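Notes for the one structure printed next.
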2 protein chains.
Amino acid sequence: MNQTYSINTLSRDFEITPRALRFYEDKGILSPERRGTTRIYSERDRTRLKLTLRGKRLGLKLEECREIIDMYDPSQSDDSLQLLRLCEKIREHRASLLTKIKDIEETMRAMDDVEGKCLGKLLKNAA
Amino acid sequence: MNQTYSINTLSRDFEITPRALRFYEDKGILSPERRGTTRIYSERDRTRLKLTLRGKRLGLKLEECREIIDMYDPSQSDDSLQLLRLCEKIREHRASLLTKIKDIEETMRAMDDVEGKCLGKLLKNAA
DNA sequence: TCTATAGTTTACGTTAACGTCAACTTTTTG
DNA sequence: CAAAAAGTTGACGTTAACGTAAACTATAGA
């Protein structure tokens with residue numbers, strides 16, 4: 001356990017460049033330890049990276065990814081105010097995700113429509 | 001019918017700047033007519049703009065938005081090869097949307113989890 | 001021990017998607 | 001008809017997210 005990863009291993013695993021990993025570190029998303037000068041990524045780094053890339057696929061900025069990942073980090077304080085703020089953030093985030101789902105659904109419908117017409121024409125052509 | 005829109009009207013309607021509209025034109029997404037030197041946007045432009053913004057919300061680049069919107073434009077040729085290519089494109093696009101849905105679902109689950117813990121702590125605090 | 005191999009830090013370059021003037025022209029309206 | 005409002009074309013600036021090249025350093029295997 002306590003698996004660790006080199007920068008090259010990790011970059012290969014996720015099909016990104018080492019440069020990107022260093023960049024994410026610069027942005028405060030990852031914080032690998034060092035053995036001498038060499039970066040050692042932990043399982044936590046790996047998880048945060050995974051979440052980051054997921055966020056990116058959904059069109060989030062790195063900064064937004066970091067914010068969200070930090071919030072969801074199991075280091076929640078016990079302060080009620082902070083907790084309420086977290087709930088509010090979650091509410092907002094959920095809303096934006098619901099919008100995205102709507103967008104996707106509408107796009108899907110349009111695609112089905114176009115595909116239908118497309119297949120219709122192909123059938124005609126084949127006849 | 002045959003509604004038309006000025007650049008300011010359209011920008012207000014969609015809450016974007018006139019600059020953005022001109023930029024989209026530059027990128028070949030919109031192609032408003034001109035009355036003299038002034039841009040006149042048609043219903044078609046409006047639709048394409050709507051689709052563009054939807055694409056953006058899903059994290060697509062403007063270039064990708066244009067590609068997709070152009071494909072789905074009701075100006076489909078009758079060439080079987082072209083039609084098959086369109087079908088293929090649709091398949092790819094659908095796949096990427098499905099990935100996004102997966103991403104959203106996983107994110108939702110994580111959020112529910114965090115929210116649960118959050119509310120739990122709040123309850124404790126209130127007790 | 002010598003040389004690949006892996007890794008590091010600067011630091012400048014690039015692309016996307018506009019923002020932000022500046023300097024005019026055109027149109028609308030009191 | 002004069003002044004405000006709306007619109008236009010450059011053209012340079014900006015931010016995000018890395019790419020890329022240079023110039024080293026550290027380490028590991030033959």
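Numbers restart at 1 for each chain; the letters A, B, ... are given by sequence-line order, proteins then strands. Computed from a predicted model, the values in this text were never measured in an experiment.
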Note: B:Glu63-B:Arg66 ion pair, threshold 4.0 Å (strictly below): yes
Secondary structure of DNA chain D in dot-bracket form (Watson-Crick or G-U wobble, distances below 3.5 Å, | marking inter-strand pairs): ||||||||||||||||||||||||||||||
B/S/- contact track for nucleotides 9-29 of chain D, protein heavy atom under 4.0 Å: B-B-----BBBB---------
A:Glu15 atom CD: more than 12 heavy-atom contacts under 6.0 Å: no
Atom pair CG (A:Asp70) and CZ (A:Arg48), whose distance is rounded to the nearest 0.5 Å: 4.5 Å
Close approaches to DNA chain D from residues 40-55 of chain A, in residue order (heavy atom, under 4.0 Å): none
Integer-rounded Å distance: C:dT8 P and A:Asp26 CG: 13 Å
Exam field: side chain A:Lys27 to backbone A:Leu62, donor-acceptor pair closer than 3.5 Å: no
same_hphob_cluster(B:Leu21, B:Ile29) at 4.5 Å side-chain heavy-atom cutoff: yes
Atom pair CD1/CD of A:Ile101 and B:Glu105 - distance to nearest 0.5 Å: 7.0 Å
Reported NZ-to-NZ distance for the pair A:Lys100 and B:Lys100, which is rounded to 0.5 angstrom: 8.0 Å
Gap between atoms CD and C1', on A:Glu33 and C:dT8 respectively (whole Å): 18 Å
